[in-house]
Amino acid sequence: EMEDFGIPTLPFSINGDLSVDINNPQQVSLSDFTFEMLGLKANFNTDITLAPDLCVNKFDIQLPNVEAAHLIGLMPKEKIGKLQKLNTDLSFNLSAELLEPYLLTSTKLPKAKVDFSANARRLRFEQMNLSKVDVDISSTVDANNLDLTTIAIKKLNVIGHAMDFQAHAN
């Protein structure tokens with residue numbers, strides 16, 4: 001219930017283009033869609049076949065400029081716990097894209113690409129005091145064969161009191 005989060009109403013907005021081919025009405029496309037709620041925004045595109053079986057042929061989503069402090073502020077006060085000690089301007093971007101069609105009736109999961117980047121000029125938590133965090137990670141996930149999953153750390157730069165760390169890895 002939304003009342004548990006102290007939210008009496010839940011305003012949101014959805015905007016984008018919906019396309020249905022008159023010659024192939026079971027094919028639906030949503031393009032340049034934006035969904036906004038609670039100060040968070042998601043952009044996505046998808047192509048779906050509704051029949052004979054529900055299949056997501058294409059899907060990509062981006063969550064741009066998500067502020068960690070805002071996300072924590074959405075949590076009920078009694079659930080925040082030690083996160084209340086976090087003092088940061090960290091923001092992140094998260095995107096995901098299907099790399100193959102996904103048949104919803106199948107037990108096989110689709111392959112996906114996931115990109116994550118974050119940066120902060122201030123991240124303080126208990127004894128940790130960082131003056132810079134700059135992260136860029138990309139992953140291709142094959143949930144059916146985890147041995148084929150890859151993670152590339154394009155950038156990992158962390159600077160703090162008596163600490164400076166940089167890394168690049170595949």
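The analysis underlying the following values was restricted to heavy atoms, covering all of them including side chains, and did not include hydrogens, waters or symmetry mates.
Under the side chain to side chain contact (heavy atoms under 4.5 Å, CB included) criterion, Ala112 pairs with no residue, sequence neighbours left out. With sequence neighbours excluded, the residues satisfying side chain to side chain contact (heavy atoms under 4.5 Å, CB included) with Glu36 are Ser13, Thr34, Lys41. Residues that satisfy the side-chain hydrogen bond (donor to acceptor under 3.5 Å, both in side chains) test with Asn93, not counting sequence neighbours, are Ser117. Considering only residues two or more places apart in sequence or on other chains, Asn23 meets the side chain to side chain contact (heavy atoms under 4.5 Å, CB included) condition with Asp21. With sequence neighbours excluded, the residues satisfying ring-ring contact (aromatic ring centres under 6.0 Å, His included) with Phe116 are Phe92. Residues that satisfy the side-chain hydrogen bond (donor to acceptor under 3.5 Å, both in side chains) test with Ser139, not counting sequence neighbours, are absent from this structure. The side-chain hydrogen bond (donor to acceptor under 3.5 Å, both in side chains) search around Ser131 returns none, not counting sequence neighbours. For Thr46, the side chain to side chain contact (heavy atoms under 4.5 Å, CB included) partners at least two apart in sequence or on another chain are Leu30, Ile48, Val56, Phe59. Remark: Tyr102 pairs with no residue by the ring-ring contact (aromatic ring centres under 6.0 Å, His included) rule, at least two apart or across chains. Evaluation of the side-chain hydrogen bond (donor to acceptor under 3.5 Å, both in side chains) rule for Asn45 yields Asp60 as partners, not counting sequence neighbours.
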Side chain to side chain contact (heavy atoms under 4.5 Å, CB included) between Asn87 and Phe125, worked out: CA-CA 6 Å; Asn87 178 344; Phe125 183 73; over 6 Å; no
Audit row: Gln62, Leu94, side chain to side chain contact (heavy atoms under 4.5 Å, CB included) steps and yes/no: CA-CA 6 Å; Gln62 300 83 37; Leu94 180 65; over 6 Å; no
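Asp115 and Ser138 share a donor-acceptor pair across their side chains, judged by distance under 3.5 Å alone. If you check the side chains of Gln26 and Asn24, you find a donor sitting under 3.5 Å from an acceptor.
Put simply, the side chain of Thr88 gets close to the backbone of Leu90: a donor and an acceptor are under 3.5 Å apart. Under a 3.5 Å cut-off, the side chain of Thr140 and the backbone N or O of Thr150 do not form any donor-acceptor pair. Side-chain atoms of His70 do not come within 3.5 Å of backbone N or O of Ser91 as any donor-acceptor pair.
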Could you tabulate the donor-acceptor pairs under 3.5 Å formed by side-chain atoms of residues 141-149, not counting sequence neighbours?
residue	atom	partner	partner atom	Å
Asp142	OD1	Asn144	N	3.1
Asp142	OD1	Asn145	N	3.2
Asn144	OD1	Leu109	N	3.2
Asn144	ND2	Leu109	O	2.4
Asn145	OD1	Asp147	N	3.3
Thr149	OG1	Asp142	N	3.1
Thr149	OG1	Leu146	O	3.4

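The salt bridge (Lys or Arg N to Asp or Glu O under 4.0 Å) analysis of residues 125-134, with sequence neighbours excluded, yields the pairs Lys82-Glu126, Lys85-Glu126, Asp134-Lys155.
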